[in-house]
Amino acid sequence: MASARIHVSMQSKYDRVVLLVDMDCFFCQVEEKQHPEYRNRPLAVVQYNPWRGGGIIAVNYAARAKGVTRHMRGDEAKDLCPEIVLCQVPNIREKADTSKYRDAGKEVANVLQRFTKLLERASVDEAYLDITETVNHRMQQMQSGAFALQPQELVNTFAVGYPNIGDFVNKITNRFANPYMDDERFQMSYDQNDLPAVRQSDIRLLIGASVAGEVRAAVKKETGYECSAGIAHNKILAKLAAGMNKPNKQTILPLAETASFFDSLPVGKIKGLGGKFGEVVCETLGIKFMGQVVKFTEVELQRKFDEKNGTWLFNISRGIDMEAVTPRFYSKSIGCCKKFPGRNNITGLKTLQHWLGELSSEINDRLEKDFIENNRRAKQMVVQYVQDIDGEEVASSRSTALKDYDQESIVRFSLDLIKANTKTFLRPGSESALNNAIK
DNA sequence: CATTCAGGACAT
DNA sequence: ATGTCCTGA
Ligand SMILES: Nc1ncnc2c1ncn2[C@H]1C[C@H](O)[C@@H](COP(=O)(O)OP(=O)(O)OP(=O)(O)O)O1
Ligand SMILES: [Mn+2]
Ligand SMILES: [Mn+2]
């Protein structure tokens with residue numbers, strides 16, 4: 001789970017303050033901004049309307065209240081919510097083109113970036129921000145009386161384990177008056193070395209929440225978009241917290257609440273454990289909740305899984321995640337793809353060339369834009385394809401180094417790569433029929 | 001017949 | 001370095 005990934009150098013596990021900002025029903029908000037007449041109406045974004053109303057990829061909160069979900073067909077959404085507005089992903093070059101949402105995501109990230117150099121975009125609509133420096137600075141200012149928390153920055157703020165944020169603030173205030181209030185419990189529960197960070201954890205996360213409030217207000221003011229945020233000492237917990245109160249809210253996950261919270265948290269809720277590996281973990285350990293992992297020693301976990309995953313699980317189950325926020329604004333790869341399901345399978349050479357042309361055209365446009373923006377050129381191209389081989393779906397990918405390229409040469413390279421790696425490219429006796437249909 | 005993306009780990 | 005698989009938006 002973590003090897004090439006960079007870890008923060010040996011500070012305490014609780015020294016950082018990390019934000020995860022995630023846009024609310026993002027593609028829907030992009031459509032609502034573009035079409036103000038759709039605001040306050042249930043709305044979903046679909047790809048390809050003709051077949052059963054298209055596939056839904058985003059649902060706004062009014063439509064969610066009616067039971068509409070991602071993966072549904074547009075037709076199903078209409079059944080549940082006849083008044084729903086279905087926006088289509090633009091069809092350009094006969095394929096869905098998501099550039100509009102990528103651009104909107106970049107607009108948001110540009111605002112976020114002003115708050116820290118340590119910004120890592122994690123998807124089109126979310127980013128991690130390491131705001132440790134800002135928090136530490138405000139902490140000092142607060143101690144010298146130069147900074148006070150602004151209550152309006154904490155509206156829509158929640159703290160896990162507390163009925164409302166006021167209770168969390170009161171707890172911090174009381175501890176300030178009586179520093180030894182929780183200290184016995186801290187000394188029992190944490191490493192000696194971590195105690196200074198443990199004692200300051202709540203107040204530093206609260207300051208983090210005030211920063212988060214400013215970040216989210218700036219995003220709203222400058223882009224019109226609303227978002228939610230999680231505030232914690234690491235990426236895994238910030239991500240988890242961000243999803244707990246939405247939309248337009250922010251959630252602190254206090255250090256001392258992590259253990260009890262994990263006791264009833266399904267394993268699959270943790271990023272990285274939502275798929276097959278999470279299933280294997282539950283099966284192997286005979287558990288359902290994250291807190292149950294702490295019953296196992298690190299060596300046991302390493303034996304049942306492997307060294308790295310064992311250590312990772314051991315730490316994560318204790319709320320410990322040392323993965324650094326690695327600054328990255330631009331994507332490492334640019335790609336596009338299209339599926340040809342059922343009777344749309346590509347069976348002829350001419351059709352294959354046509355679609356390679358369309359895909360290459362989009363790629364080439366985006367590469368040119370990227371070159372103008374970032375002054376970089378593609379070094380490698382990868383062509384991925386799924387073939388029908390004796391009724392089986394077989395996925396393959398082949399790559400080649402790139403020196404010079406344009407739309408036309410990308411087509412040529414990709415077709416050559418597919419040819420060179422398909423045993424019998426054309427059906428015997430034919431000059432145009434593919435031996436293996438492309439899906 | 002969800003689809004269109006993107007990043008990371010592992011085996012070789 | 002290359003190809004495959006996994007995870008997640
Ligand atoms: N499986 C998918 N296929 C294609 N696009 C997707 C998929 N999942 C999400 N997206 C797109 C549409 C979403 O608006 C955008 C951000 O995803 P995500 O943050 O998970 O949900 P969301 O922003 O729509 O709602 P939420 O308010 O719950 O965050 O990415
Ligand atoms: Mn989102
Ligand atoms: Mn997201």
Margin query: Is it the case that over 12 heavy atoms from other parts of the model lie below 6.0 angstrom from the NE2 atom of A:His354?
Written below: yes
Atom NZ of A:Lys308 and atom C1' of B:dC10 are separated, to the nearest Å, by 8 Å
inquiry  = Measuring to OP1 and OP2 of C:dT2, would you say a side-chain N or O of A:Gln380 lies under 4.0 angstrom away?
reply    = yes
The correct set of residues in residues 339-377 of chain A placing a heavy atom under 4.0 Å from DNA chain B is A:Lys339, A:Pro341, A:Glu362, A:Arg366
**Row check, A:Phe158 ring normal vs A:Lys249 NZ/CZ: under 6.0 Å, within 45°** = no
Q.
More than 12 heavy atoms of other residues, nucleotides or ligands under 6.0 Å from CD of A:Gln152: yes or no?
A. yes
Quick note, A:Lys271 side chain, CB onward, closest among B:dC10, C:dT4, C:dG8 is C:dG8
Base, sugar-phosphate, or nothing: which does A:Arg121 touch, judged by heavy atoms less than 4.0 Å apart? nothing
query: Taking only side-chain nitrogens and oxygens of A:Lys338, does any of them come within less than 4.0 Å of OP1 or OP2 of B:dC5?
result: no
Requested in this report: Considering just the side-chain nitrogens and oxygens of A:Ser123, establish if one lies under 4.0 Å of OP1 or OP2 belonging to B:dC5.
Outcome: no
Query raised in the report: When all nucleic acid strands are considered with a 4.0 Å heavy-atom cut-off, which category describes A:Ile56: base, sugar-phosphate, or nothing?
Result: base
From the candidates B:dT3, B:dA9, C:dT4, the one with an atom nearest any side-chain atom of A:Arg398 is C:dT4
Taken to the nearest whole Å, CD/A:Gln387 to C1'/C:dG3 is 15 Å
Q | Side-chain donor/acceptor of A:Arg16 to backbone N/O of A:Thr132, under 3.5 Å | A | no
| When we call it a touch if two heavy atoms are under 4.0 Å apart, what does A:Tyr48 touch: a base, just sugar-phosphate, or nothing? | sugar-phosphate
Rounded to whole Å, the CG-C1' distance (A:Asn49 to B:dA2) equals 13 Å
Exercise. Look at A:Lys117 together with A:Glu133 and state whether they make a salt bridge at an N to O cut-off of under 4.0 Å.
Key: no
How is A:Ser397 classified with respect to the nucleic acid when contacts are heavy atoms under 4.0 Å: base, sugar-phosphate, or nothing?
base
Q. Would A:Trp355 and A:Phe340 count as a close aromatic pair, with their ring centres under 6.0 Å?
A. yes
With the side chain defined as heavy atoms from C-beta on, A:Lys276 is closest, among B:dC5, B:dA6, C:dC6, to C:dC6
Checking B:dC1, C:dT7, B:dT3 against the side chain of A:Ile57 (C-beta onward), the nearest is B:dT3
Checking C:dA9, B:dA6, B:dA2 against the side chain of A:Glu126 (C-beta onward), the nearest is C:dA9
A:His71 NE2 to B:dC5 P, in whole Å, measures 17 Å
Hey, is A:Trp51 stacking on B:dC1? Ring centres under 5.5 Å, planes under 30°. yes
- Message: Between A:Glu31 and A:Lys100, does any NZ, NE, NH1 or NH2 come within less than 4.0 Å of an OD or OE carboxylate oxygen?
- Response: yes
When rounded to whole Å, the CD to P distance for the pair A:Glu393 and C:dC5 reads 13 Å
Notebook entry, point to check: Hey, are A:Glu358 and A:Lys95 close enough for a salt bridge, meaning a charged N less than 4.0 Å from a carboxylate O?
Noted result: no
Checking C:dT4, C:dA9, B:dG7 against the side chain of A:Arg328 (C-beta onward), the nearest is B:dG7
**Prompt:** Looking across every strand, which nucleic acid part, if any, lies under 4.0 Å from A:Lys239 by heavy atom: base, sugar-phosphate, or nothing?
**Reply:** sugar-phosphate
Atom OH of A:Tyr330 and atom C1' of B:dC5 are separated, to the nearest Å, by 19 Å
#### Entry: Residue pair A:Ser12 / A:Asn193, side-chain heavy-atom distance below 4.5 Å
no
Between CG of A:Asn309 and P of B:dA9 the distance, given in whole Å, is 11 Å
Between A:Lys332 and A:Cys337, the residue closer to the 5' end of DNA chain B by nearest nucleotide is A:Cys337
Contacts of A:Lys95 and A:Arg70 projected onto DNA chain B by closest heavy atom; the upstream (5') one is A:Arg70
Between CZ of A:Phe27 and P of B:dT4 the distance, given in whole Å, is 13 Å
